[in-house]
Amino acid sequence: MAFYKKDNFEKDFLREDLESLLTKDVVDILEQMESRGAKARLVGGAVRNYLMGIAISDIDIATTASPAEIIDIFSGTNDLNVIPTGIDYGTVTLICNKKAYEITTLRSDIETFGRKARVKFTKSFLLDSRRRDFTINAIYLDKNGRIFDYHNGLNDIAEKNIRFIGEPSARIKEDFLRILRYFRFVALYGEYKINDDYLKIINLLKDNLGILSSERVLAEMLKILTSDDSYRIISPMMPSLNALFQLNCNPLETCRQLGFLRSMNPTERLCMLLKFSSDDPQKLMKKYKFPKEIGRMLRLSEYSGEPITNLNSFLKQKLKNIPRECRNFFVNWVIVLLRQKEAIPAPEAEILWSEMQNFCRSEYVDFNFRANALKDYHLSPHQLKNVMMATKKFWLTTETDVGARECLDFALKQIEDSDLDHTPHEYNTSLPDASRQIVDQLKLSDKISHTQLKFLDIVSFNLHAMILRRKIADKFFLDNNSFPESIAQTEDINVNTEDNHKIRVRIYTPQKLSAHATILLVHGGGWVQGSIETHDNLSRKIANAWSIKVISVDYRLSPEYKFPAPLNDVLNAYKWSSENYNENIILCGDSVGGNLCAALCLKLAEIKYAKRPTAQILFYPVLSSNLESKSFELFEYGYGLTKEWTKNYIYQYTGAEYDDPTFNGNKFIYPLYEENAAIFPPTVLISAGCDVLLDAQLEFAQKLRKANILVHHEILPGIVHGFMTYGKYFEKNITEVLKTIGSLAVIENVT
């Protein structure tokens with residue numbers, strides 16, 4: 001490695017393995033931009049890791065070209081796909097040979113607020129560098145291997161010095177996550193060398209960590225705990241950790257002494273931190289909405305620290321009830337607790353730990369009877385859970401070894417002896433913070449629309465009013481979505497309907513396409529609002545999560561086009577999709593989108609259309625005209641969707657009141673009233689626990705089960721109607737729902 005100083009920031013950098021960073025694809029991208037008059041350089045983590053001899057993952061490119069110019073440069077280029085992932089902030093994602101490169105226009109931050117900022121594009125790399133957090137992240141490299149180091153980051157890399165650009169207090173106040181980022185960079189790149197002045201500033205500002213989202217905190221903590229030596233950063237972090245988690249001691253030093261941390265992954269280390277140092281880890285689980293695996297580890301590791309006299313007996317009683325993914329944490333927790341209580345000497349602890357590890361890895365503790373052995377018996381999730389719990393208890397308590405055959409016989413006997421009627425749902429009217437924030441926003445949005453209607457002096461239910469509300473609602477959808485996910489390709493196509501109308505569909509192709517089916521996505525919005533645009537992010541998430549092509553339908557809206565026009569549009573889109581893309585079509589829709597999917601199944605049966613849907617995935621659908629059920633009573637006010645607005649949506653769609661006999665029993669408006677439920681395909685039904693529509697969904701699921709239709713019904717407690725499109729607030733819930741659906745045997749074509 002050699003440096004030849006030309007001035008205070010520009011250096012020629014020579015190293016034999018430069019091609020590991022400047023690959024052919026990277027050089028081609030840089031040269032293509034420069035051929036159009038733009039300057040372009042690599043920046044950030046890729047350059048930093050290369051200089052430090054660390055593996056390179058993501059590659060970011062900074063350029064003088066504007067976002068529009070970037071799109072223009074690469075549009076129409078073979079084997080390249082341009083995606084405007086963060087165009088408001090100057091970022092465009094370029095897909096080249098299945099690898100993503102983020103290209104961002106040089107910018108300076110005019111005003112910052114959390115992860116977002118009001119920005120001004122610039123042509124100056126120096127100004128762009130000043131908005132970055134640490135000096136080692138603000139080093140640029142061009143296609144010739146020339147380094148541009150405006151803040152002496154090379155020297156900081158050589159000295160393992162993590163240094164803020166500019167005044168540390170001001171940089172932290174721009175985004176308080178930088179407190180945790182500082183500790184992470186010190187642990188990973190700074191050999192645990194803490195700047196005492198920085199630590200004083202951090203400790204003064206640490207209470208602001210509470211405003212960060214749980215997702216950002218969790219992601220950063222897991223990165224901090226990546227290293228086997230991560231215990232070294234915990235002590236200086238303790239004031240900040242106490243501000244976040246209200247911790248009362250440092251367990252990682254104990255773990256280091258025992259040598260057990262090296263057998264743990266970052267998630268297990270975080271669990272150890274919370275379990276050992278918090279008075280109420282379950283309360284932290286709820287506050288930070290940690291993933292279920294963390295909750296399982298914290299919940300299943302109950303052990304009071306009593307001495308273990310018989311290892312085999314202890315393991316059979318404890319470990320057999322603990323999922324495989326939680327056993328390693330449990331073993332470490334038991335040993336640490338025994339040592340803390342001095343219930344076992346250190347040498348014996350080492351031996352015990354080794355024996356328990358071997359036991360964890362043995363097949364002896366596997367309950368190898370799986371729920372899919374009962375898939376042909378069409379049990380509800382509740383019934384299946386009860387049968388599996390009883391079977392596992394039988395396996396645990398039997399003195400002799402029993403295998404899968406004996407477990408199946410026992411499970412079938414349980415099914416024969418049990419009452420298979422659906423267990424009544426237990427209602428929970430409490431709302432977590434995310435749901436409460438959405439409800440408050442909906443109230444404010446409704447208040448704004450009423451004020452505008454009053455100002456315009458128009459009746460609240462006429463056409464002008466509905467168009468105004470549509471604009472407000474669609475803006476609400478878009479404002480509450482998270483940033484759109486990157487995807488390989490989108491394409492808009494017009495489809496002709498039978499009444500000579502054109503409807504737009506958008507085809508989403510994921511970066512990895514593996515499913516042998518196609519999703520037809522029908523958006524929600526009360527039949528009167530919503531569009532391809534409001535559901536663009538959900539379409540992208542579904543395509544990526546299930547590696548499947550998604551076709552989103554922009555059907556005509558009411559009250560301009562009343563029933564059955566929207567349903568007929570969806571029917572035409574289905575016919576076109578099955579003929580042009582894949583005969584295996586899975587219907588998917590949220591709210592009235594789910595209503596239209598279920599109604600479409602009935603319409604296809606009525607016209608005897610040959611190609612029926614493979615399955616349907618319904619998110620909190622409208623299914624019934626019964627507005628007097630218990631869920632309507634419990635969640636009528638203060639939970640988002642109200643009884644009043646449900647009536648209004650039905651009126652706009654049909655031109656009649658919800659209980660008008662003209663439409664009240666119409667199965668194409670209310671699919672629950674279809675007498676022959678066997679018409680429906682295998683169904684996934686996702687319900688919001690605090691939704692006026694919940695009772696009809698419970699009744700629909702039970703009706704499908706009685707018709708021997710495979711159905712998976714999941715109710716999310718504390719969640720409000722519409723959550724699949726409120727990405728910023730329910731990101732974790734959406735991810736978990738899509739992951740669950742993608743793994744279901746009922747939707748085999750998705751997986």
Side-chain angles (χ1 to χ4, degrees), residues 21-36 38-49 56-107 115-117 119 121 128 131-132 137 140-141 143 215 219 478 481-492 506-513 532-533 535-550 552 727-728 731 734-735 738:
L21 177 59
L22 292 176
T23 63
K24 182 181 183 303
D25 285 342
V26 171
V27 173
D28 287 346
I29 292 169
L30 297 177
E31 288 182 343
Q32 190 163 341
M33 297 182 73
E34 291 182 359
S35 70
R36 298 285 293 272
K39 292 183 179 179
R41 300 169 185 168
L42 305 190
V43 68
V47 179
R48 177 198 67 221
N49 286 11
I56 299 166
S57 53
D58 298 332
I59 293 182
D60 297 329
I61 298 172
T63 180
T64 56
S66 69
E69 289 170 337
I70 299 170
I71 293 173
D72 181 61
I73 290 171
F74 294 106
S75 293
T77 307
N78 293 335
D79 301 325
L80 296 178
N81 187 31
V82 188
I83 306 165
T85 46
I87 198 164
D88 290 342
Y89 301 95
T91 299
V92 171
T93 300
L94 181 68
I95 308 297
C96 177
N97 290 328
K98 299 182 180 180
K99 183 174 177 62
Y101 300 89
E102 280 203 351
I103 305 176
T104 303
T105 303
L106 301 180
R107 74 185 204 198
R115 298 190 74 178
K116 299 181 180 180
V119 303
F121 297 142
D128 182 77
R131 71 177 178 82
R132 300 181 183 272
N137 289 341
Y140 301 77
L141 182 142
K143 66 182 180 65
E215 291 83 4
L478 294 169
N481 257 319
S482 52
F483 288 117
E485 291 187 5
S486 298
I487 202 162
Q489 182 180 357
T490 63
E491 181 183 9
D492 284 12
R506 180 173 294 168
I507 299 96
Y508 296 82
T509 304
Q511 296 177 12
K512 178 185 177 183
L513 183 62
I532 285 178
E533 307 303 335
H535 285 59
D536 175 75
N537 203 20
L538 179 59
S539 301
R540 292 169 179 268
K541 287 179 181 293
I542 289 174
N544 285 337
W546 302 338
S547 301
I548 193 170
K549 193 181 292 291
V550 173
S552 181
K728 288 196 300 188
E731 201 70 55
I734 296 170
T735 300
L738 295 182

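- Between atom CD1 of residue I56 and atom CZ of residue R48 there is a gap of 10.5 Å, rounded to the nearest 0.5 Å.
- Counting only heavy atoms from C-beta outward, the side chains of L42 and I59 approach each other to under 4.5 Å.
- The salt bridge (Lys or Arg N to Asp or Glu O under 4.0 Å) test applied to E102 returns no partner, not counting sequence neighbours.
- Side-chain contact between W546 and L738: present, with at least one pair of heavy atoms (C-beta onward) separated by less than 4.5 Å.
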Apply side-chain contact (heavy atoms from CB on, under 4.5 Å) to the pair V26 and L21, showing each step before the final yes or no. CA-CA 8 Å; V26 171; L21 177 59; over 6 Å; no
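- Residues passing the ring-ring contact (aromatic ring centres under 6.0 Å, His included) test with Y508: none are found, sequence neighbours excluded.
- For M33 against T63, the heavy-atom pair with the smallest separation is CE-OG1, 3.2 Å.
- No more than 12 heavy atoms of other residues, nucleotides or ligands sit less than 6.0 Å from atom CG of D58.
- S486 and T93 make their closest contact through OG-OG1, 3.8 Å (heavy atoms, listed as atom of the first residue, atom of the second, distance).
- With values rounded to the nearest 0.5 angstrom, L22 atom CG is found 11.5 Å from I29 atom CD1.
- Taking both residues in full, the closest heavy atoms of I95 and Q511 are given as CD1-NE2, 3.8 Å, listed atom of the first, atom of the second, then distance.
- Atoms CD1 and OG, from I532 and S539 in turn, are 8.0 Å apart once rounded to the nearest 0.5 Å.
- A salt bridge (Lys or Arg N to Asp or Glu O under 4.0 Å) check over residues 60-76, counting only residues at least two apart or in different chains, returns the pairs R36-D72.
- Every residue meeting the salt bridge (Lys or Arg N to Asp or Glu O under 4.0 Å) condition with R132, not counting sequence neighbours, appears here in chain and number order: D128.
- Taking the charged nitrogens against the carboxylate oxygens, K549 and E491 have no contact shorter than 4.0 Å, which rules out a salt bridge.
- Panel note: side chain T490, backbone I507; no donor-acceptor pair is recorded below 3.5 Å.
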Checking side-chain contact (heavy atoms from CB on, under 4.5 Å) for the pair I103/V82: CA distance, chi angles, key distance, verdict? CA-CA 10 Å; I103 305 176; V82 188; over 6 Å; no
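- Using a 4.5 Å cut-off on side-chain heavy atoms (C-beta onward), D25 and K99 make no contact.
- Residues L30 and A40 come closest through the heavy atom pair CD2-CB, 3.7 Å.
- Scored by the salt bridge (Lys or Arg N to Asp or Glu O under 4.0 Å) test, E533 finds R504, R506 as partners (sequence neighbours excluded).
- Residues A65 and A38 share a closest heavy-atom pair of CB-CB, 3.8 Å.
- Under the 3.5 Å distance criterion, the side-chain polar atoms of T64 are matched with a main-chain donor or acceptor of K39.
- Closest approach of V92 to P67, counting heavy atoms only: CG2-O, 4.2 Å.
- Listed by chain and residue number, nothing satisfies the side chain to side chain donor-acceptor pair (under 3.5 Å) test with T23 (two or more places apart in sequence, or in another chain).
- Annotation: side chain of K541 is in contact with side chain of E731 (closest heavy-atom distance under 4.5 Å).
- Rounded to the nearest 0.5 Å, atoms OG1 (T509) and CG (N544) are 10.5 Å apart.
- Going from atom CD1 of I548 over to atom NZ of K512 covers 13.5 Å, rounded to the nearest 0.5 Å.
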